[in-house]
Trainee: 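Structure incoming, see below.
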Amino acid sequence: MKLLHLSDLHLGKRVFELSMLEEQRHMLAQALELARQADATLIAGDIYDRQVPPAEAVALFDSFLTRMSEQGSPVLFIAGNHDSAERMAFGSRLMNASGVYAAPVYDGRARRVELNDEYGPVHVYLLPFVKPVHVRVALGDERIEGYTAALEAAIRAMEVDPEARNVLVAHQFVTGGERSESEEIMVGGLDNVDAQVFAPFDYVALGHLHAAQSLCGGRVRYSGAPLPYAFSEAGREKGALMVTLGPKGEWDVRPCPFTPLRRMRRLRGTFDELARGEASEDYIQITLTDEDDIPDAAARLTAVYPNLLQLLYDNARTRAAAADFSRAALMRREPLELFAELYEKQNGAPMDESRRAYLSGVIERIWEGEA
């Protein structure tokens with residue numbers, strides 16, 4: 001059985017206030033062609049960039065699902081942390097007849113869709129993005145604390161048949177995954193999930209991290225975002241994964257790169273050098289090395305690079321400023337680390353494990369909006 005694994009479409013996203021819809025339409029056209037080679041397509045969340053997406057983004061996804069249905073390609077998808085689970089699940093029972101399967105709002109049960117090939121059934125479980133509070137309420141278990149415990153409980157409730165071939169579609173941050181600049185990051189890494197919770201599954205199709213990567217020997221994978229959404233991702237291959245399931249215990253994964261309409265590139269040099277450069281329609285970040293600021297540099301450079309999205313300087317002045325105390329750098333530190341540092345300064349001794357555990361729980365409850 002062949003499964004096309006996609007995630008983190010972020011339809012409707014704007015990068016430096018420039019709409020990515022044209023790029024996204026081009027990307028989905030390529031996904032449609034790949035889906036012809038697959039028995040089903042799995043989309044692991046963050047279909048939209050925000051919970052109330054613009055009308056154009058909704059229309060684009062509607063068109064994509066319609067064309068997938070017309071070509072007989074089943075689609076299974078879940079809500080990510082950027083999506084509204086309620087909106088994503090609307091009309092799901094009506095869509096089933098068209099081969100479109102959406103994960104419902106999590107209520108203690110994960111939707112299971114059965115697919116079949118010459119080796120028998122494949123059970124695909126659809127688990128939308130969940131927080132510990134969602135699982136606690138749905139399962140009525142106040143003992144569930146932390147993301148790993150929440151995923152363990154949610155998977156245990158699935159009652160997965162160990163003899164069958166089982167696939168999970170989920171949207172979580174697995175410990176050991178590589179973050180990207182364009183993701184929404186939870187301060188302190190409180191959303192980490194231990195990969196061991198996915199032991200019952202033959203393949204785990206993950207969304208949330210924008211760099212394609214694998215864990216657990218390749219059985220747990222992020223397909224990554226299909227387009228670069230930050231200049232830190234420039235030059236990285238973006239696309240989908242084609243997963244082939246054989247008999248129980250046999251699988252293979254093949255990357256399927258997408259060709260963007262425009263590349264995302266970084267250029268560096270003096271204003272005079274770059275102003276004489278080759279004209280390009282690519283999305284451009286320019287770093288000028290001139291010691292003096294150039295009047296109207298951005299406007300003048302757009303004559304050569306009409307999709308110039310960001311202009312930076314790297315010179316003695318900017319390097320001196322970067323060496324100063326940075327609030328942004330402080331904000332990137334984990335809250336538990338900052339509290340532990342303050343505790344040690346005030347008490348002259350490091351924080352013990354019991355206090356660290358208590359503080360970690362308090363931080364998590366604040367993050368979840370329970371405190």
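Reckoned from all heavy atoms, side chains included, excluding hydrogens, waters and symmetry mates.
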Trainee: Quick one: OH on Tyr222 to CZ on Phe173, what's the gap to the nearest 0.5 Å?
Mentor: 6.5 Å
Trainee: For residues Leu127 and Met158, determine if any side-chain heavy atom of one lies less than 4.5 Å from a side-chain heavy atom of the other.
Mentor: yes
Trainee: Please check if Leu245 and Val113 belong to a single hydrophobic cluster, counting links between Ile, Leu, Val, Met, Phe, Trp and Tyr side chain heavy atoms closer than 4.5 Å.
Mentor: yes
Trainee: Please check this pair: side chain of Arg300 against backbone of Pro295, looking for a donor-acceptor N/O pair closer than 3.5 Å.
Mentor: yes
Trainee: So with a 6.0 Å cut-off around CG of Asn116, is the heavy-atom count from everything else above 12?
Mentor: yes
Trainee: Testing the basics here: between Ala211 and Gln213, what is the closest heavy-atom pair and its distance to 0.1 Å?
Mentor: O-NE2, 2.8 Å
Trainee: Please report the interatomic distance CG(Asp290) to CZ(Phe271), rounded to the nearest 0.5 Å.
Mentor: 8.5 Å
Trainee: Can a donor-acceptor pair be found, under 3.5 Å and without considering hydrogens, that links the side chain of Ser69 to the backbone of Ser98?
Mentor: yes
Trainee: Keeping His26 on the side-chain end and Glu23 on the backbone end, is there a donor-acceptor pair under 3.5 Å?
Mentor: no
Trainee: Is it the case that atom CZ in Arg317 sees more than 12 heavy atoms from other parts of the structure closer than 6.0 Å?
Mentor: yes
Trainee: Is it true that atom CZ of Phe16 has more than 12 heavy atoms of other residues, nucleotides or ligands lying nearer than 6.0 Å?
Mentor: yes
Trainee: Quick one: do Glu17 and Arg14 make a salt bridge, cutoff under 4.0 Å?
Mentor: yes
Trainee: When you measure from the side chain of Asp282 to the backbone of Arg263, do you find a donor-acceptor pair of N or O atoms at a distance under 3.5 Å?
Mentor: yes
Trainee: Could you go through the side-chain contact (heavy atoms from CB on, under 4.5 Å) check for Val135 and Leu151 one step at a time?
Mentor: CA-CA 8 Å; Val135 182; Leu151 266 290; 5.9 Å; no
Trainee: Does a sphere of radius 6.0 Å around CG in Asp296 hold more than 12 heavy atoms from other residues, nucleotides or ligands, not counting ones at 6.0 Å or beyond?
Mentor: no
Trainee: Under 3.5 Å, is there a donor-acceptor pair between the side chain of Ser92 and the main chain of Ala102?
Mentor: no
Trainee: Test Leu11 against Leu28 for side-chain contact (heavy atoms from CB on, under 4.5 Å), laying out the working first.
Mentor: CA-CA 10 Å; Leu11 302 181; Leu28 288 178; 4.2 Å; yes
Trainee: Give the minimum heavy-atom separation between Val130 and Tyr147, together with the two atoms involved.
Mentor: O-CE2, 3.6 Å
Trainee: Going by atom type alone, with no hydrogens or angles, which donor-acceptor pairs under 3.5 Å involve a side-chain atom of residues 42-58 and a protein atom two or more places apart or on another chain?
Mentor:
residue: Asp46; atom: OD1; partner: Asn81; partner atom: N; Å: 3.2
residue: Asp46; atom: OD1; partner: His82; partner atom: N; Å: 2.8
residue: Asp46; atom: OD2; partner: His10; partner atom: NE2; Å: 3.4
residue: Asp46; atom: OD2; partner: His171; partner atom: NE2; Å: 3.3
residue: Asp49; atom: OD1; partner: His10; partner atom: ND1; Å: 2.9
residue: Arg50; atom: NE; partner: Val52; partner atom: O; Å: 3.4

Trainee: Taking only Lys NZ, Arg NE, NH1 and NH2, and the carboxylate oxygens of Asp or Glu, determine whether Arg36 and Glu33 approach each other closer than 4.0 Å.
Mentor: yes
Trainee: If you look only at pairs with a residue in residues 157-169, which of them pass as a side chain to side chain donor-acceptor pair (under 3.5 Å), with sequence neighbours excluded?
Mentor: Asp117-Arg165
Trainee: If every non-hydrogen atom of Ala225 is compared with every non-hydrogen atom of Lys238, which pair is closest and at what distance?
Mentor: O-CD, 3.0 Å
Trainee: Does Tyr125 use its side chain to pair, donor to acceptor, with the backbone of Ile155 at less than 3.5 Å?
Mentor: no
Trainee: At their closest point, which heavy atom of Gly277 faces which heavy atom of Val304, and how far apart are they?
Mentor: O-CG1, 3.5 Å
Trainee: If every non-hydrogen atom of Phe231 is compared with every non-hydrogen atom of Tyr283, which pair is closest and at what distance?
Mentor: CE2-O, 3.7 Å
Trainee: So does Arg219 have more than 12 non-hydrogen atoms from other groups sitting under 6.0 Å from CZ?
Mentor: yes
Trainee: Would you confirm whether the ring centroid of Phe64 sits within less than 6.0 angstrom of the ring centroid of Phe77?
Mentor: no
Trainee: Checking the side chain of Lys131 only, and the main-chain atoms of Ala150 only, is there a donor and an acceptor separated by less than 3.5 Å?
Mentor: no
Trainee: Output yes when a side-chain donor or acceptor of Asp8 lies under 3.5 Å from a complementary backbone atom of His208, and no otherwise.
Mentor: yes
Trainee: What distance do Thr259 atom OG1 and Met27 atom CE have between them, rounded to the nearest 0.5 Å?
Mentor: 13.0 Å
Trainee: Write down the atom of Ala157, the atom of Leu139, and the distance for their closest heavy-atom approach.
Mentor: CB-CD2, 4.2 Å
Trainee: Are Leu6 and Val167 connected into the same hydrophobic cluster when the rule is that any two of I, L, V, M, F, W, Y join if their side-chain heavy atoms are below 4.5 Å apart?
Mentor: no
Trainee: Same cluster for Leu21 and Leu9 if Ile/Leu/Val/Met/Phe/Trp/Tyr side chains link at under 4.5 Å?
Mentor: yes
Trainee: Keeping Arg111 on the side-chain end and Ala103 on the backbone end, is there a donor-acceptor pair under 3.5 Å?
Mentor: no
Trainee: Are Leu241 and Leu168 linked, directly or through intermediate hydrophobic residues, by side-chain heavy-atom contacts shorter than 4.5 Å (ILVMFWY only)?
Mentor: no
Trainee: Given 3.5 Å as the limit, does a donor-acceptor pair link the side chain of Thr302 with the main chain of Ala299, or not?
Mentor: yes
Trainee: Less than 4.5 Å apart, any side-chain heavy atom of Glu152 and any of Gln196?
Mentor: yes
Trainee: Report the C-alpha separation of Ser232 and Arg266 in whole Å, then their side-chain angles, then the decisive distance to 0.1 Å, and conclude whether the side-chain contact (heavy atoms from CB on, under 4.5 Å) test is met.
Mentor: CA-CA 9 Å; Ser232 61; Arg266 289 166 154 172; 4.1 Å; yes
Trainee: Is it true that Asp314 and Arg319 make a salt bridge, defined as a side-chain N closer than 4.0 Å to a carboxylate O?
Mentor: yes
Trainee: Look at atom NZ of Lys2 and say whether more than 12 heavy atoms of other residues, nucleotides or ligands are closer to it than 6.0 Å.
Mentor: no
Trainee: With side-chain contact (heavy atoms from CB on, under 4.5 Å) as the criterion, how do Leu115 and Leu3 come out once you've worked through the C-alpha distance, each side chain's angles and the decisive distance to 0.1 Å?
Mentor: CA-CA 10 Å; Leu115 306 173; Leu3 303 172; 4.0 Å; yes
Trainee: Indicate the ring-plane relationship of Tyr229 and His210, choosing parallel, tilted or perpendicular according to the 30° and 60° boundaries.
Mentor: perpendicular
